[in-house]
Amino acid sequence: MTNAYKIAVLPGDAIGPEIMAQAIRVFGILEAKRDVSFELITAPFGAHAYFEEGKAFPDSTKAICDDADAILKGPVGLSHEESKKIPVEEQPERGAILPLRARYNTFANFRPIYLSPEMTHFSPLKQEIIKDGIDILLIRELVGGLYFGKKERGINEEGQRYVHELLEYTEEQIRQVLIVAFEQARQRKKKLHNIHKSNVLMSSVFWNEVLDEVHTEYQDVEVVHLLVDAAATALCLNPGQFDVMVMENMFGDILSDQGGGILGSLGLMPSACIGPEKAYYEPSHGSAPDIAGQNIANPYSMIGSVAMMLEMSFNMKEESAMVWQAMKSVFEAGFSTADLSKSNEDIQLVSTDEFGDKVMAKLEELL
Ligand code: IPM
Ligand code: MN
């Protein structure tokens, strides 16, 4: 029987539609080569949705996402100046991304920080530090902490303006993401770096307490505790010491961007946001309005997000590995895009579309 999947496609803003156009070609190729079918339903989401429909996450888009087996989301947002035309609560971060995460309770955010040994020239780190490549799975808690805690602004008794922004977690919220992290560590190198700030924050003391409880079920996994500030340094000096890392929402936001930094670009960072019933997949980066419309954005993070969807939502592990392999082979053959690389003797610059053509040709060959 043919496996049939329904996918909500949210191309997003700026470079979003350009890289999405390449990513969704993977589904057509799979349909031709495997006994599977994909129904893609495109819907507005982000700043363009606000300008067209008055809402960054319109009800019609919610209904399409509710009905889909998985969601593929492009980057959203506009330049700082353009964003000012949108009321604060409808700006795509607050009006679309956070509500999407909350709606499907996508508590576990997988952000692979990965460079194959053949791609290490992208990294700003010295070759001697990363000669074997970089292979870290950063798991970020995605629906708790400061992002979703109570917020209040006011004027106190002394007439001073003040703000309260609460870092809130329940034990269950912490436990569920830790279980995901321990499971991943068990399947990989059985080593889990727990990133926290327990020397200052009560929330980290609590997090670590729950971690000790969960650890009793995973005694085959070694836990290494590291303060978040020290982790930032260690990621630069010796990324090879990390395999799986787990941390709360805000720490994960910051350290995962640093992950993009050690790879050489956020354009090399796809991600998966996993909830109890539904998952959505997105590049970890923004919509890069400065390079939109030029056909130079690399589609790796968007195609990589499709690869993660194939593996994690549809259990198509072999096909997922082939998508990765196809992308790597295009880089290894010396091709890149202008956003990632400067042209030199060893690198031939191609457009977004041409990069996509090469990846799809290789994928067809592999499948
Ligand atoms: C990310 C982004 C988002 C976040 C923003 C756009 C809400 O930076 O996915 O890392 O802070 O989580
Ligand atoms: Mn971020």
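The residues of the chain are indexed from 1 along the displayed sequence. Read the numbers this way: they start at 1 and go in the same order the structure lists the ligands and their atoms.
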Asker: Do Lys73 and Tyr281 meet the cation-pi criteria used here (NZ or CZ under 6.0 Å from the six-membered ring centre, within 45° of the axis)?
Answerer: no
Asker: Is it the side chain, the backbone, both or neither of Arg101 that has a heavy atom closer than 4.0 Å to ligand 1?
Answerer: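 The answer is the side chain.
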Asker: I'd like to know whether the aromatic ring centres of Phe27 and Phe314 sit less than 6.0 Å apart in this structure.
Answerer: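 Distance test on ring centres: not under 6.0 Å, no.
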Asker: Among protein heavy atoms, which lies nearest atom 2 (C) of ligand 1, and at what distance?
Answerer: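 Among all protein heavy atoms, the one nearest atom 2 (C) of ligand 1 is Asp253 OD1, 4.1 Å.
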Asker: Using distance alone, decide if ligand 1 has a nitrogen or oxygen within less than 3.5 Å of any nitrogen or oxygen in Arg140.
Answerer: yes
Asker: Please state whether the separation between the Mn ion (ligand 2) and some N/O/S atom of Asp257 is under 2.8 Å?
Answerer: no
Asker: Can you confirm if the aromatic rings of Tyr104 and Tyr280 lie within a centre distance of less than 6.0 Å?
Answerer: no
Asker: Could you establish whether Arg111 and ligand 1 come within less than 4.0 Å of each other, counting only heavy atoms on the residue side?
Answerer: yes
Asker: Tell me which N, O or S atom of Asp253 sits nearest to the Mn ion (ligand 2).
Answerer: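 Looking only at N, O and S atoms of Asp253, the one nearest the Mn ion (ligand 2) is named OD1.
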Asker: Is it possible for you to check whether Lys55 lies under 6.0 Å from the centre of the six-membered ring of Tyr50, through NZ or CZ, and within 45° of that ring's axis?
Answerer: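 No, a cation-pi geometry is absent between Lys55 and Tyr50.
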Asker: Using a strict cut-off of 4.0 Å, indicate which atoms of ligand 1 neighbour a heavy atom of Ile97.
Answerer: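 That gives atoms 6 (C) of ligand 1.
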Asker: For the aromatic rings, using the six-membered ring if either is Trp, is the centroid distance between Phe355 and Tyr300 under 6.0 Å?
Answerer: no
Asker: Measure the NZ-NZ distance between Lys328 and Lys362 for me, rounded to the nearest 0.5 Å.
Answerer: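 Atom-to-atom, Lys328:NZ and Lys362:NZ are 12.0 Å apart.
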Asker: To check your reading of the model: name the closest protein heavy atom to atom 11 (O) of ligand 1, its residue, and the distance in Å.
Answerer: Tyr147 OH, 2.5 Å
Asker: For the CD atom on Glu217, are there more than 12 heavy atoms of other groups (residues, nucleotides or ligands in this structure) within a distance under 6.0 Å?
Answerer: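 Check fails, neighbour count at 12 or below.
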Asker: Please confirm whether Glu93 comes within less than 3.5 Å of ligand 1 when only nitrogen or oxygen atoms on both sides are compared.
Answerer: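 Min N/O separation from ligand 1 is not below 3.5 Å for Glu93.
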